[in-house]
Number of protein chains: 2
Amino acid sequence: MLDSCENCAHFEDSEWSVLGGCNAKGLDCARRSRHFLPGEPVYHEGDEPSGIYCVSSGLIGIRKVDAEGDSMLLRLVRPGQTFGYRSALTGAPHGVSAEALKDARVCHIPAATVRKALAEEPGLLMAFFRHLADDMAAAEVKVMETVSASCRVRFLRLLMALGGGEDAGLLELPVSRQDIASLIGVRSETMSRVIRGIEDEGLAHFSGRRVEIPDPHRLAEESVGALAA
Amino acid sequence: MLDSCENCAHFEDSEWSVLGGCNAKGLDCARRSRHFLPGEPVYHEGDEPSGIYCVSSGLIGIRKVDAEGDSMLLRLVRPGQTFGYRSALTGAPHGVSAEALKDARVCHIPAATVRKALAEEPGLLMAFFRHLADDMAAAEVKVMETVSASCRVRFLRLLMALGGGEDAGLLELPVSRQDIASLIGVRSETMSRVIRGIEDEGLAHFSGRRVEIPDPHRLAEESVGALAA
DNA sequence: CCTTGAAATTGATCTGCATCAATACAGGCC
DNA sequence: GGCCTGTATTGATGCAGATCAATTTCAAGG
């Protein structure tokens with residue numbers, strides 16, 4: 001089986017790596033892989049959980065809609081990462097929705113299998129706890145940024161985060177500009193203006209989804225604060 | 001022992017309740033109770049974790065400071081609730097700070113005891129996972145609200161949350177107005193104006209920290225949206 | 001090539017909240 | 001009482017970003 005969990009390119013980084021080989025085999029038998037088209041929902045807010053999801057390729061977006069009906073993109077889930085585990089483990093209905101942002105292949109591990117794995121390998125729950133702790137830390141930073149930083153700074157920081165440590169001054173925006181806007185909590189018009197401003201200053205060059213950053217170091221400095229004159 | 005964990009008024013609601021009586025005794029021996037003055041820190045951002053904290057009386061605030069130096073109150077921890085468990089369980093340094101907001105008595109359960117309890121009772125980790133899941137859900141709502149709702153609406157919702165289901169139209173603000181402002185992410189001047197506005201409309205009556213709400217139902221309606229003309 | 005519809009840009013205007021700067025109003029203490 | 005230090009209120013002004021409305025760009029299909 002070429003595309004088994006154990007052979008998955010991201011297996012070592014995922015929570016499942018705490019499972020010994022034998023349990024990982026159980027995972028592999030039970031999982032069902034499925035393709036999603038861009039925009040297609042994986043689950044909705046309020047749905048009952050049915051298991052844990054794992055992205056094998058493409059990109060998933062976690063979204064939340066508020067009482068007034070406007071939605072916001074809370075975070076992105078990349079290949080190798082799990083999602084939906086929170087509800088799967090607590091049993092509570094999903095508090096957020098998940099949807100494909102580009103063509104994606106997603107594995108689904110049914111709740112029963114998850115329960116079995118949890119019972120056999122106590123370390124697994126701790127692995128998910130760590131994941132949740134990281135997500136929580138990110139959420140806290142997001143709250144802080146949203147209230148204190150300008151949308152320009154928030155966008156620059158997002159750029160750096162997307163750069164992902166690679167200081168090759170070239171990166172690709174994973175999603176549409178509307179979604180980028182939604183990710184930092186601004187209107188798309190504002191997004192355009194911010195991008196234009198950055199372009200004009202020569203801080204970065206945008207064409208389509210390609211972003212070229214001539215001087216990553218300067219960008220880093222600007223993103224530190226609104227201190228810039 | 002009058003004030004043991006098992007006799008704690010909040011024991012049943014806390015994560016510790018999953019421990020059988022024998023393990024709870026271990027808790028009780030190891031814990032150290034300590035008093036904190038208002039404003040006194042329990043731990044700082046970046047500190048290494050040393051165990052789990054449990055509020056027995058008073059009020060604790062969870063705060064975060066960003067790069068620019070301005071801080072924000074993220075959430076409140078009430079008697080019977082635990083805090084600091086995230087770092088204690090993952091081993092990572094605290095990502096937020098905790099401080100007493102009023103005279104408080106806080107129990108500290110050392111890391112070694114926590115480890116022992118976790119090993120003996122697998123359900124304990126799940127209890128903390130649930131707690132974290134709840135905190136995460138609250139954080140997600142907070143992000144949404146911060147970007148989409150006006151500060152007026154955010155404050156009205158906070159009032160409702162503080163009312164805590166009790167529709168007795170009388171409640172007490174747990175903290176100073178500065179802290180309330182920090183909790184919803186606005187300046188204290190704006191807070192004053194918002195309160196004045198609400199007062200003028202007769203939606204609620206404020207005197208010191210006492211808040212009287214003549215018509216809770218009307219307040220609930222207003223807090224639903226900025227739809228109000 | 002033309003059509004169609006969605007995504008992105010641009011401009012004009014409006015408004016909520018921050019900011020700056022006084023002033024009022026406490027509670028503790030001599 | 002009067003004084004003093006921190007908290008709360010009020011006013012005047014400025015600006016970031018939302019909103020409304022009109023194009024422009026672009027990818028996909030006929």
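Residue numbers start from 1 in every chain, and the chains themselves are labelled A, B, ... in the order their sequence lines are given, proteins ahead of strands.
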Distance in angstrom units between B:L173 CG and D:dT7 P, rounded: 16 Å
Polar contact flag, side-chain donor to acceptor under 3.5 angstrom, B:E15-B:T82: yes
Distance in angstrom units between A:L101 CG and C:dA7 C1', rounded: 16 Å
Length of the CE-C1' vector between B:M72 and C:dA18, whole Å: 15 Å
Identified ring pair (Phe, Tyr, Trp, His ring centres under 6.0 Å) counterpart of B:H108 within the set B:Y85, B:F83, B:Y53: B:Y53
Side chain of A:C151 - closest among D:dT9, D:dT7, D:dG17: D:dG17
B:R154 side-chain N/O to B:I184 backbone N/O, donor-acceptor pair under 3.5 Å: yes
Closest-nucleotide 5' rank along DNA chain D - winner of B:R193 and B:V175: B:V175
Backbone of B:F206 reached by a side-chain donor or acceptor of B:E199 within 3.5 Å: yes
Nearest-neighbour nucleotide for the B:E189 side chain, D:dG17, C:dC17, D:dT9 considered: D:dT9
Nearest-neighbour nucleotide for the A:S150 side chain, D:dT19, D:dG17, D:dT7 considered: D:dG17
Between C:dT15 (P) and B:R152 (CZ): distance, integer Å: 17 Å
Residue-phosphate contact under 4.0 Å: A:R196 side-chain N/O, C:dA8 OP1/OP2: no
Atom-to-atom span, CD1 of A:I195 to P of C:dT10 - whole angstrom: 10 Å
Distance, rounded to the nearest Å, where A:F206 contributes CZ and C:dT10 contributes P: 13 Å
Euclidean distance, atom CD1 of residue B:I198 to atom P of D:dT9 [Å, nearest integer]: 12 Å
Residue-phosphate contact under 4.0 Å: B:R177 side-chain N/O, D:dT7 OP1/OP2: no
Whole-Å distance separating the CZ atom of A:R187 from the P atom of D:dA21: 15 Å
Side-chain donor or acceptor of B:R157 paired with backbone N/O of B:S223 under 3.5 Å: yes
Nucleotide nearest A:T190 (side chain, heavy atoms from C-beta), chosen from C:dA8, D:dG17, D:dT9: D:dG17
